[in-house]
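No hydrogens, no waters, no symmetry mates; every other heavy atom, side chains included, goes into these values. All of these numbers come straight from a predicted model, not from anything done at the bench.
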Amino acid sequence: MYHLTEETEEDWWEVEALYDLCFAPGREALSSYRLRDGIAPVAHMSLVARDDAGILSGAIRYWPVTIVGDAGRHAALLLGPVAVHPTRQGEGLGGHLIRESLLVAQGLGIARVMLVGDAPYYARFGFSKLDGIVMPPPTNPDRVLGYRLQDGAWAGVTGNVTRVTSEPVGSA
């Protein structure tokens, strides 16, 4: 049994240690991390999963980003990283974190979520390839995926993914 709660400041270093364990050294050199530098994860969206003994088993974070293109500026959330402790993998916990966090996003009125990841894995949650959305290099465009939480959320949205400005996360 897992208990999901919002990540708190007290969880930060334990979550970071989980990410270090689950991802390759140098994970912070990825282009998506440039979008996160100096930006706090989105409150209420970043979750931790603990077992009945209180041991951290998984975590998911979201970050605000802005897509800037010919049609203007569009707010989105960047999902990631999501990680499950190696001793807990294969139990469906990663999927549970994704599904539950997307329900939170929908409840908050968020329009769109994106990520950089493996399409076959994330397609089961409703993510699909985003054409015309450009992540900072060197990002493979086939791995840029999106999920709509509102009808038409991605319609006409194209451009470069940039660091967030003062624009509210839930705005169109």
Side-chain angles (χ1 to χ4, degrees), residues 4-49 56-69 72-85 93-94 97-106 108-119 121-122 125 127 129-130 132-149 153-154 157-172:
L4 297 185
T5 59
E6 291 179 26
E7 181 181 338
T8 66
E9 285 184 36
E10 291 77 29
D11 296 318
W12 181 269
W13 293 110
E14 194 174 7
V15 171
E16 285 296 310
L18 176 66
Y19 289 150
D20 286 344
L21 176 65
C22 292
F23 297 106
R27 67 180 169 91
E28 293 181 355
L30 298 172
S31 60
S32 57
Y33 275 85
R34 299 300 64 81
L35 300 169
R36 301 173 183 147
D37 282 343
I39 307 290
V42 177
H44 310 299
M45 294 291 308
S46 298
L47 306 175
V48 295
L56 183 69
S57 301
I60 190 168
R61 286 182 176 158
Y62 286 81
W63 308 84
V65 293
T66 302
I67 301 163
V68 179
R73 302 168 67 81
H74 301 276
L77 291 184
L78 178 64
L79 185 162
V82 58
V84 174
H85 193 281
L93 182 55
L97 283 163
I98 292 167
R99 283 188 292 278
E100 291 300 314
S101 61
L102 289 173
L103 287 173
V104 172
Q106 190 167 35
L108 292 172
I110 304 300
R112 61 190 68 83
V113 173
M114 62 176 299
L115 59 81
V116 177
D118 297 321
Y121 177 79
Y122 288 101
F125 306 108
F127 284 85
K129 184 177 180 301
L130 289 173
I133 303 295
V134 181
M135 284 287 290
T139 302
N140 178 343
D142 291 333
R143 294 176 52 84
V144 179
L145 310 175
Y147 183 87
R148 68 171 175 78
L149 291 155
W154 287 105
V157 177
T158 60
N160 296 312
V161 181
T162 63
R163 290 172 52 83
V164 74
T165 63
S166 58
E167 185 175 347
V169 172
S171 69

Between [X] and [Y], is any pair of side-chain heavy atoms under 4.5 Å apart?
| X | Y | answer |
| --- | --- | --- |
| Leu130 | Trp154 | yes |
| Val65 | Val164 | no |
| Ile60 | Glu7 | no |
| Leu79 | Met114 | no |
| Pro41 | Trp12 | yes |
| Arg36 | Pro81 | yes |
| Pro136 | Leu35 | yes |
| Leu47 | Tyr62 | no |

Identify the heavy atoms of [X] and [Y] that sit nearest to each other, and give their distance.
| X | Y | answer |
| --- | --- | --- |
| Pro64 | Leu77 | CA-CD2, 4.1 Å |
| Ala153 | Ala111 | CB-O, 3.1 Å |
| Val82 | Gly94 | CG2-O, 4.4 Å |
| Ala119 | Leu145 | CA-CD1, 3.7 Å |

[X]: side-chain hydrogen bond (donor to acceptor under 3.5 Å, both in side chains) partners, not counting sequence neighbours:
| X | value |
| --- | --- |
| Arg148 | Asp151 |
| Glu100 | none |
| Glu10 | Thr8 |
| Glu6 | His44 |

Is it true that a side-chain atom of [X] and a backbone atom of [Y] form a donor plus acceptor pair closer than 3.5 Å?
| X | Y | value |
| --- | --- | --- |
| Thr158 | Ile133 | no |
| Tyr122 | Gly117 | no |
| Arg163 | Ile39 | no |
| Ser101 | Leu97 | yes |
| Arg112 | Ala75 | yes |

When rounded to the nearest 0.5 angstrom, what distance separates CE in Met135 from CG in Leu115? 9.0 Å
Measure the spacing between CG of Leu56 and CG of Leu21 and express it to the nearest 0.5 Å. 10.5 Å
Taking it one step at a time, do Leu18 and His85 satisfy side-chain contact (heavy atoms from CB on, under 4.5 Å)? CA-CA 7 Å; Leu18 176 66; His85 193 281; 3.9 Å; yes
Test of understanding: with side-chain contact (heavy atoms from CB on, under 4.5 Å), list the residues that count as partners of [X], not counting sequence neighbours.
| X | answer |
| --- | --- |
| Thr5 | Val48 |
| Ser57 | Tyr2, Asp51, Arg88, Leu93 |
| Arg143 | Val116, Asp118, Asn140 |

Let me see the working for Ile67 and Thr162 under side-chain contact (heavy atoms from CB on, under 4.5 Å), right down to the final yes or no. CA-CA 6 Å; Ile67 301 163; Thr162 63; over 6 Å; no
Can you name the residues that form a ring pair (Phe, Tyr, Trp, His ring centres under 6.0 Å) with Tyr147, not counting sequence neighbours? Phe127
